[in-house]
Amino acid sequence: MLRTYRLNAEEVDSLELKVLLITKGINVPVSVYERFSKVRRLSGPDDAQACNCLILPDSTIVHMVNTGPRSPLSMSINQSGRACLEYEGRFVTEVDFPPATRFYEQRTSSGMPFKGMAVLQGVDVLSFPYLWPCEYARAGYACHFCYTGGYSQQLVREGKELPPSPSAQDVAEVVGYAVQTEGVASHVQITGGSSMDPSAEVDLVVEMLRAINELVSLESLGGEMLIYTSPPADPALVDDIFAAGADRVACDIELWDEQLASRICPGKMRFAGRRRQLAMLVHVAQKFGPNKACSAFVVGLEPAESFLAGARHLAERGVVPIASVWLPHGKPVDGKSEAPGLDFYRRVLDGLTEIYDKYGCEPPGTAGFNVCLCRDTWNHRAERRERLTGKL
């Protein structure tokens, strides 16, 4: 059941509270880390690679960004020893964290640390967010909102070496540990940087899937294997990814407004382009069926109506639109340094609920993802629809 909360005089539901927590951040005192870090999955405030998250009472997953005292949202510990969320010093709700793990202490047989290679999201997702450097970034055309791409671009500009990329065996060993040894994940997402040669990227992904299957058996995942890839000139090349065992394939459009996308995602628009992106997504949907292709949008950088137009365009063609909340990281994007207000995201949530319902779009996963609204919206779409109906 979708929960509601009071923030002073305003009522918000869990999806709206998630947006506020992501975009405004949260002030987490040291005492919270000291109390929970040994018994729950909660790393210190300076450990961004651990991808901390909190869990709201209705199981909505929220990415934790410790912004310090400038946020009106803060965390405390109540008399029962539970973590509590407060808004301007007033109690909002108790929250929890995922179970403790030793995942981030591990290394592969080659000596590569898990931390920095993969992250645990929510309660059941293992994500590889940047397995190889973005070639668009190396050429000076990183997406402006992408922290990792921007870092790669900076290293190249300064003449410094890029960090080594994990091998297929490294990736397989991480999956094996998360899925079988600890059982902390059932869904896996594999992502690398955008490639100038998408066919070579397909070959690399296929090699990884085969290595994982040899070590773990993809059939034992229990969840889904989602592969993010650059769109090849011949969209049929992605068929090899499905043949190797992937359940879904994604190609991120990021922004529906093409003029805005050209400014913010110069590499993707210059070297891939909207036509190639759509051709790949539609090919997958037509050949493998609805919900087998996904595309993420960075929500908060273009008008809500623009995002929803793009989401609807994809959904009509059997492609699942994924709404990832823009997380400002100190660098302005197209002149913006702060995310939009709650009214903006309410329009997004209402529109996304309607689109998911009308076109039967089921996003990846079972529980939610740290910064994406997609699965949480799907899981609570009936209650969100009831709230929306009550407004009309």
Side-chain angles (χ1 to χ4, degrees), residues 15 18-19 60-61 121-122 124-129 186-191 205 221 223-231 235 238-239 241-242 245-256 261 265 268 272 274 276-300 302 304-326 345 347-382 384-385:
L15 300 176
K18 172 172 181 166
V19 168
T60 297
I61 302 296
Q121 288 200 64
D124 60 357
V125 180
L126 170 66
S127 294
F128 295 89
S186 56
H187 299 274
V188 180
Q189 296 184 340
I190 290 179
T191 313
V205 167
L221 285 184
E224 294 181 318
M225 174 65 71
L226 171 61
I227 304 296
Y228 286 80
T229 188
S230 306
V238 300
D239 297 359
I241 297 177
F242 282 99
D247 296 292
R248 305 199 202 203
V249 170
C251 170
D252 291 345
I253 285 177
E254 314 289 13
L255 295 152
W256 187 246
C265 306
K268 287 195 172 186
R274 182 60 48 82
R276 186 184 290 186
Q277 291 172 329
L278 291 175
M280 183 194 122
L281 293 168
V282 171
H283 166 80
V284 170
Q286 289 179 344
K287 182 162 186 176
F288 297 96
N291 294 326
K292 291 297 184 179
C294 305
S295 185
F297 293 82
V298 180
V299 180
E302 65 182 327
E305 292 71 24
S306 178
F307 157 69
L308 292 172
R312 189 170 293 106
H313 181 93
L314 296 186
E316 290 172 345
R317 290 156 178 79
V319 179
V320 181
I322 295 174
S324 179
V325 178
W326 173 45
Y345 286 102
R347 296 199 301 275
V348 166
L349 288 165
D350 291 344
L352 198 60
T353 299
E354 178 188 356
I355 289 168
Y356 283 173
D357 259 357
K358 182 175 181 178
Y359 299 103
C361 295
E362 182 172 359
T366 49
F369 295 81
N370 285 24
V371 298
C372 289
L373 299 176
C374 50
R375 190 69 204 191
D376 290 307
T377 300
W378 168 268
N379 289 344
H380 296 294
R381 65 194 184 283
R384 183 79 196 183
R385 187 172 57 247

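Side-chain atoms are counted along with the backbone in the values below, which use heavy atoms only and exclude waters and symmetry mates.
With respect to the salt-bridge test (charged N to carboxylate O, under 4.0 angstrom), the residues E354 and R385 do not qualify.
Side-chain contact between V298 and V325: absent, with no pair of heavy atoms (C-beta onward) separated by less than 4.5 Å. For the pair C265 and L255, the minimum side-chain heavy-atom distance is below 4.5 Å. Counting only heavy atoms from C-beta outward, the side chains of F297 and L314 approach each other to under 4.5 Å. Proximity of L221 to S186: side-chain heavy atoms (C-beta onward) are nowhere separated by under 4.5 Å. The shortest side-chain heavy-atom distance between K268 and D252 falls under the 4.5 Å cut-off. In this structure the side chain of Q189 reaches within 4.5 angstrom of the side chain of Q121, judged on heavy atoms. A heavy-atom distance below 4.5 Å is not found between the side chains of T377 and R375. The shortest distance between side-chain heavy atoms of L373 and V299 does not fall below 4.5 Å.
Side-chain atoms of K18 come within 3.5 Å of backbone N or O of C372 as a donor-acceptor pair. At distances below 3.5 Å, not a single donor-acceptor pair connects side-chain atoms of N370 with backbone N or O atoms of I61. Remark: side-chain polar atoms of R248 are not paired, donor with acceptor, to backbone N or O of L226 under 3.5 angstrom. A donor-acceptor pair is defined here as one N or O able to donate and one able to accept, closer than 3.5 Å; no such pair exists between the side chain of T191 and the backbone of Y228. The backbone N or O of P321 lies less than 3.5 Å from a partner atom in the side chain of Y356, making a donor-acceptor pair. Counting only distance, with no hydrogens or angles, the side chain of R317 and the backbone of V282 share no donor-acceptor pair below 3.5 Å. Listed for the S306 side chain is no donor-acceptor partner under 3.5 Å among the backbone atoms of E302. Between the side chain of R384 and the backbone N or O of R381 there is no donor-acceptor pair closer than 3.5 Å. H187 places a side-chain N or O within 3.5 Å of a backbone atom of E224 that can act as its donor or acceptor partner. Under the 3.5 Å distance criterion, the side-chain polar atoms of N291 are matched with a main-chain donor or acceptor of E362.
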> V188 and F128: side chain to side chain contact (heavy atoms under 4.5 Å, CB included), yes or no, with the steps?
Replying inline: CA-CA 8 Å; V188 180; F128 295 89; 4.1 Å; yes

>> Run F242 and V284 through side chain to side chain contact (heavy atoms under 4.5 Å, CB included) and show every step you take.
In response: CA-CA 10 Å; F242 282 99; V284 170; 3.6 Å; yes

>> Let's go through I253 and L278 carefully: what are the C-alpha distance in whole Å and the side-chain angles of both, what is the deciding distance for side chain to side chain contact (heavy atoms under 4.5 Å, CB included) to 0.1 Å, and is it a yes or a no?
In response: CA-CA 8 Å; I253 285 177; L278 291 175; 3.8 Å; yes

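When all heavy atoms are compared, the tightest approach of L352 to L308 is N-CD2, 3.8 Å. Annotation for V319 and S295: closest pair CG1-N, 4.3 Å, computed over non-hydrogen atoms. Between G245 and M225, the shortest heavy-atom distance links the atoms O-CB, 4.3 Å. Among all heavy-atom pairs drawn from S127 and P129, the shortest one is O-CD, 3.4 Å. Taking each heavy atom of A285 and A293 in turn, the nearest pair found is N-CB, 4.3 Å. When every heavy atom of I322 is checked against every heavy atom of C294, the shortest pair comes out as CD1-CB, 3.7 Å.
Here the CG-CG distance, from L349 to L15, works out to 5.5 Å after rounding to the nearest 0.5 Å. Taking CD1 from I227 and CD1 from I241, the interatomic distance works out to 6.5 Å, rounded to the nearest 0.5 Å.
Under the 30°/60° scheme for interplanar angles, the aromatic rings of H313 and W256 are found to be tilted.
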